[in-house]
2 protein chains.
Amino acid sequence: MSSPSSPSRGRPARLDRTRTLQTALDLLNQSGLDALTMRRLADAMGVQAGALYRYFATKQELLTAMAERMMEGAAEAATGASAGYTWQQQLTALARAARNALLTHRDGARVFAGTHATGASVLGFADAFVGVLREAGFPDDDAARTLYSVINFTVGHTLEEQAALQLESGRTEGADTGGGRPEGADTGGGRPEGAVPEGAGALRDAVTTGTYPHLAATLPALTSTDFTALFEFGLDLIVEGLRARRARAAATG
Amino acid sequence: MSSPSSPSRGRPARLDRTRTLQTALDLLNQSGLDALTMRRLADAMGVQAGALYRYFATKQELLTAMAERMMEGAAEAATGASAGYTWQQQLTALARAARNALLTHRDGARVFAGTHATGASVLGFADAFVGVLREAGFPDDDAARTLYSVINFTVGHTLEEQAALQLESGRTEGADTGGGRPEGADTGGGRPEGAVPEGAGALRDAVTTGTYPHLAATLPALTSTDFTALFEFGLDLIVEGLRARRARAAATG
DNA sequence: ACCTGAACACCGTTCAAGT
DNA sequence: ACCTGAACACCGTTCAAGT
């Protein structure tokens, strides 16, 4: 029990797990995951990089703790006032809470996807989610698999959403010093001479350049930036799929 | 047109886009994404690291080309013989082909998720996918959104699947030299003294330690390693959701 | 034209030594 | 007990210089 967390005798200790975690989350929000290095985090805490390893054995362990904290309160936020909600409404609320938790932190989905947090926040959320389905009468297997379906969809979606956010902003660093870059390394697509597009514009360009009739016809929806509507659409598909499965089971059983 | 790809006069050139790409994919399969560095790739090609930058302006561009190549043939693999399939069957085949394409390469999902490939493989796949839905009579918006739902679910799922594979193997490097590691940095959970579990065992441990009634009741399904069944479950949910949406639209319209 | 050599500005992690 | 200093073994990327 004489871990670094417990305040023994001696100097008051500039570091501890909680303060390090909070500073890491702040740094993440300010600068993004790529800029969150152990050295920069140490700097922000006025300490040498090596000192962090007394509280987190590896960077991976720190990231896992961050993922865990991101999910804090997600289950509660979705539970709302109390009862009177259908299982569809409860499931939808939980999924939205998960997406919101990831969106609340810059690169939240990347942090979550890169870790395997199994703390109280994540498991509490999972237990609430599975509980809704079990109490609605779904078989245990279906309940567990639905949890993964919704989580995987949510993480995949938010990964995309946050990647798109990063591209549409943050195009203003290292603003091309004008140094003669070797002319090679082209994609070979015969681009109009300008810069290589990267965001939604890249998709629009590529679609209109090539011959993709169906993509061309759906370009507006394909390049839409209404990620909330996109998330709701997929979520609704899953929930409706569950309802259909339930109706079928009721008819058969 | 005098790009490095076109063989002009001079020495035969040990490098080119295609050979570099192939070697990178081989190295990925052998060693994983974390070991795929520009320096190691250069080593594998018998060249200095800087030489690679004549063919790929950045590592990100190389990774995008890799993602693009992973998806090569996915649309065709799903199209199968010819017609006679329902839109549900065609959609399911396309989604399976996407997962298989990612699974075929080590860390394939991580590579794909970290890039924004908009080449012929990816767009051909997307066009085929959207085409199935449009020809089945779905509105353009629904077709485009369904594409994203399925892709995001598939990427999220395969990310998890490949992460789980990595954990259950590969526990045999840097086999603890016995050096006195500082004793701190514990999670504070009072673990039984052994090593920190990381795979499916970590989840099982955490669930049985805490008080999560619903997770405890569904533990077998929760810790199952049948990822194909898990993928099929989620995919079926989405497809059934689409069918329900279609039936509703037909009744209303 | 294509590649080498060498540098620049970083990384995560370890660990003896100080206080 | 807690942190510093300094190192180890790496990174991605740039670019003058050689051939």
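All chains are named by letter (A, B, ...) in the order of the sequence lines, taking the proteins before the strands, and each is independently numbered beginning at 1. Computation of the quantities below employed the complete heavy-atom set of this structure, encompassing side-chain atoms and omitting hydrogens, waters and symmetry-equivalent molecules.
- Among the atoms of the strands shown, base atoms are found under 4.0 Å from some heavy atom of A:Arg39.
- Distance CG (A:Asp34) to P (D:dG12): 13 Å, rounded to an integer number of Å.
- At a threshold of 4.5 Å between non-hydrogen side-chain atoms, the residues A:Tyr53 and A:Met38 count as touching.
- Proximity of B:Arg14 to the phosphate of C:dA1: no side-chain N or O atom is located under 4.0 Å from OP1 or OP2.
- In terms of modelled atom types and a separation under 3.5 Å, the side chain of A:Ser224 and the main chain of A:Pro220 share no donor-acceptor contact.
- Rounded to a whole Å, the CG atom of B:Leu15 is 13 Å from the C1' atom of C:dA1.
- D:dC2 atom P lies 10 Å from atom CG of A:Asp16, rounded to whole Å.
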Fill in the dot-bracket string of DNA chain D, one character per base: . for unpaired, | for a pair to another strand, ( ) or [ ] for pairs within the strand, taking Watson-Crick or G-U pairs under 3.5 Å.
||.|||||...|||||.||
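- The phosphate of C:dT4 has neither OP1 nor OP2 within less than 4.0 Å of any side-chain N or O from B:Arg54.
- Going from the P atom of C:dA9 to that of D:dC10 covers 22 Å, rounded to whole Å.
- Here the rule is side chain to side chain contact (heavy atoms under 4.5 Å, CB included) with A:Val122, and of A:Glu68, A:His116, A:Glu72 only A:Glu68 fits it.
- B:Lys59 has its NZ atom 12 Å from the C1' atom of D:dT13, to the nearest Å.
- Whole-Å rounding puts the B:Gln48 CD to C:dA6 P distance at 9 Å.
- In this structure, B:Leu62 places its CG atom 12 Å from C1' of D:dG12, rounding to the nearest Å.
- Rounded to whole Å, the distance from CG on A:Leu52 to P on C:dT13 is 10 Å.
- In terms of phosphate contacts, A:Tyr55 brings a side-chain nitrogen or oxygen within less than 4.0 Å of OP1 or OP2 of D:dC3.
- For the side-chain hydrogen bond (donor to acceptor under 3.5 Å, both in side chains) with A:Arg99, the lone residue among A:Thr228, A:Thr154, A:Thr158, A:Thr104 that qualifies is A:Thr228.
- Taking atom CE of B:Met38 as the reference point, atom P of D:dT14 lies 10 Å away to the nearest angstrom.
- Taking every side-chain heavy atom of A:Ala13 into account, D:dC2 is the closest of C:dC11, D:dC2, D:dG12.
- Put simply, the residue from B:Arg40, B:Arg110, B:Arg106 that forms a salt bridge (Lys or Arg N to Asp or Glu O under 4.0 Å) with B:Asp34 is B:Arg110.
- Projected onto DNA chain D by closest heavy-atom contact, B:Leu36 and A:Ala49 fall at different nucleotides, the more 5' of which corresponds to A:Ala49.
- Each of B:Asn29, B:Leu27, B:Leu33 was scored for a side chain to side chain contact (heavy atoms under 4.5 Å, CB included) with B:Ser31, with one residue passing: B:Leu27.
- Contact between the side-chain N/O atoms of A:Tyr53 and the OP1/OP2 oxygens of D:dT4 is not found at any separation under 4.0 Å.
- You'll find the side chain of B:His105 stays beyond 4.5 Å of the side chain of B:Arg69, heavy atoms only.
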